[in-house]
Amino acid sequence: MGQIEQGLERALRTRPVPSSTEARLRFLLAAYRGSTRKVAAVLGVSQRTVQRWVTMKPGARRPPGPTQVRAIEEAVLARWQPRVRARRRAQAEAEGFVFHTRARFGFAAAAGSSDDPRVRWITQDLPGEVARELFAARDSGAGEQQQTVILARALGHAYFRAWGRRAHGLHIAFSDVEFADFSIG
């Protein structure tokens, strides 16, 4: 998962995801009303394995391995705050969002020019059309590169071209994303 994808996920949540494996297992058990069988089916392990992970008996508890820890994390992220995520997504698509980033950004201009690509801190308000395009690309399985192209086009239009009032026809360079954060609402 790239920086843009992580930023979108953070923006859609209002509470932090449980950080420990034990807390994540408790969440999954609560989501499936305590059924170790259903949790095991979701994680692709046996029911007895899930029971060993959550038992309170001394000496009987076995921690999950690295592969299972990743499966637990993915299962929790997929089920964390679904209604909140849908509401925040709809809000971003309707009202837009504020994009914060530190990346190499500029026009493909002559070296030494003030528009030459360099690492910049950018905070820019972007419209809902950009959010719709980003979410549509993410839903269709587009990678970080495609999402970067969408944001480069939007940032170039808003940041360098002043919403289409200047610098027409110049090519935007947006790469080396150090972090990407989105503020919704």
Side-chain angles (χ1 to χ4, degrees), residues 1-19 24 27-28 30-32 42-43 70-109 113-185:
M1 187 181 304
Q3 293 293 328
I4 295 170
E5 182 76 21
Q6 289 175 3
L8 281 172
E9 286 300 316
R10 282 191 304 270
L12 294 176
R13 295 190 296 256
T14 58
R15 292 183 322 185
V17 178
S19 58
R24 290 175 177 167
F27 169 76
L28 287 175
Y32 290 103
V42 167
L43 298 176
R70 279 192 297 279
I72 292 167
E73 180 182 11
E74 290 171 6
V76 169
L77 288 175
R79 289 160 183 78
W80 188 253
Q81 295 185 314
R83 290 183 301 207
V84 170
R85 292 167 51 86
R87 186 174 62 241
R88 291 187 56 97
R89 177 178 173 162
Q91 182 181 6
E93 289 176 348
E95 301 170 9
F97 60 91
V98 178
F99 181 57
H100 314 275
T101 189
R102 179 178 161 96
R104 184 166 305 282
F105 187 67
F107 283 125
S113 163
S114 64
D115 294 336
D116 190 33
R118 64 179 184 270
V119 176
R120 301 173 192 246
W121 290 88
I122 296 176
T123 298
Q124 183 65 48
D125 191 17
L126 295 174
E129 297 88 45
V130 177
R132 281 191 290 280
E133 195 174 350
L134 267 177
F135 285 122
R138 188 184 74 160
D139 293 346
S140 69
E144 185 83 2
Q145 182 62 34
Q146 180 61 31
Q147 294 171 351
T148 301
V149 169
I150 293 167
L151 286 171
R153 188 172 52 247
L155 284 172
H157 182 69
Y159 183 79
F160 273 113
R161 294 186 186 114
W163 300 101
R165 290 190 298 265
R166 60 185 171 103
H168 304 287
L170 293 175
H171 177 69
I172 302 297
F174 181 60
S175 61
D176 303 333
V177 178
E178 292 179 18
F179 79 90
D181 206 6
F182 299 82
S183 298
I184 299 171

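In this text, all values refer to a predicted model and were calculated from it rather than measured experimentally.
- A donor-acceptor pair is defined here as one N or O able to donate and one able to accept, closer than 3.5 Å; such a pair exists between the side chain of E144 and the backbone of I4.
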Give the intermediate values and the outcome of side-chain contact (heavy atoms from CB on, under 4.5 Å) for residues Q147 and L151. CA-CA 6 Å; Q147 294 171 351; L151 286 171; 5.5 Å; no

Please list, one pair per line, the donor and acceptor atoms closer than 3.5 Å that link side chains of residues 97-105 to other protein atoms, with sequence neighbours excluded.
| from | atom 1 | to | atom 2 | distance (Å) |
| --- | --- | --- | --- | --- |
| H100 | ND1 | T123 | OG1 | 3.3 |
| H100 | NE2 | S183 | OG | 2.9 |
| T101 | OG1 | F179 | O | 2.8 |
| R102 | NE | E178 | OE1 | 2.6 |
| R102 | NE | E178 | OE2 | 3.4 |
| R104 | NE | D176 | OD2 | 3.1 |

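- What you find for Q3 and V177 is that their closest heavy atoms are CG-O, 3.8 Å.
- Nearest heavy atom pair, residue F174 against residue A152, reads CB-CB, 3.5 Å.
- Rounding to the nearest 0.5 Å gives a distance of 12.0 Å between CD1 of I150 and CG of L155.
- The existence of a salt bridge linking R89 and E93 is confirmed by a sub-4.0 Å separation between a basic side-chain nitrogen and an acidic carboxylate oxygen.
- We find that R70 and E73 are not joined by a salt bridge, their nearest charged nitrogen and carboxylate oxygen being 4.0 Å or further apart.
- Residues L43 and A71 approach most closely at CD2-O, 3.6 Å, considering heavy atoms.
- Between the side chain of W80 and the backbone N or O of R15 there is at least one donor-acceptor pair closer than 3.5 Å.
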When you look at R13 and L77, which way does the side-chain contact (heavy atoms from CB on, under 4.5 Å) test go after all the steps? CA-CA 10 Å; R13 295 190 296 256; L77 288 175; 3.8 Å; yes

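- Partners of A142 under the side-chain contact (heavy atoms from CB on, under 4.5 Å) rule, at least two apart in sequence or in another chain, are A137, S140, Q146.
- Between V149 and R153 there is a side-chain heavy-atom pair separated by less than 4.5 Å.
- Residues F135 and L8 are in side-chain contact: their nearest non-hydrogen atoms beyond the backbone lie under 4.5 Å apart.
- The side chain to side chain contact (heavy atoms under 4.5 Å, CB included) test with L12 is passed by exactly one of Q81, Q91, R88: R88.
- Sequence neighbours left out, the pairs with a member in residues 77-87 that pass salt bridge (Lys or Arg N to Asp or Glu O under 4.0 Å) are E9-R85.
- Between the CD atom in E129 and the CG atom in L134 there is a gap of 12.0 Å [rounded to 0.5 Å].
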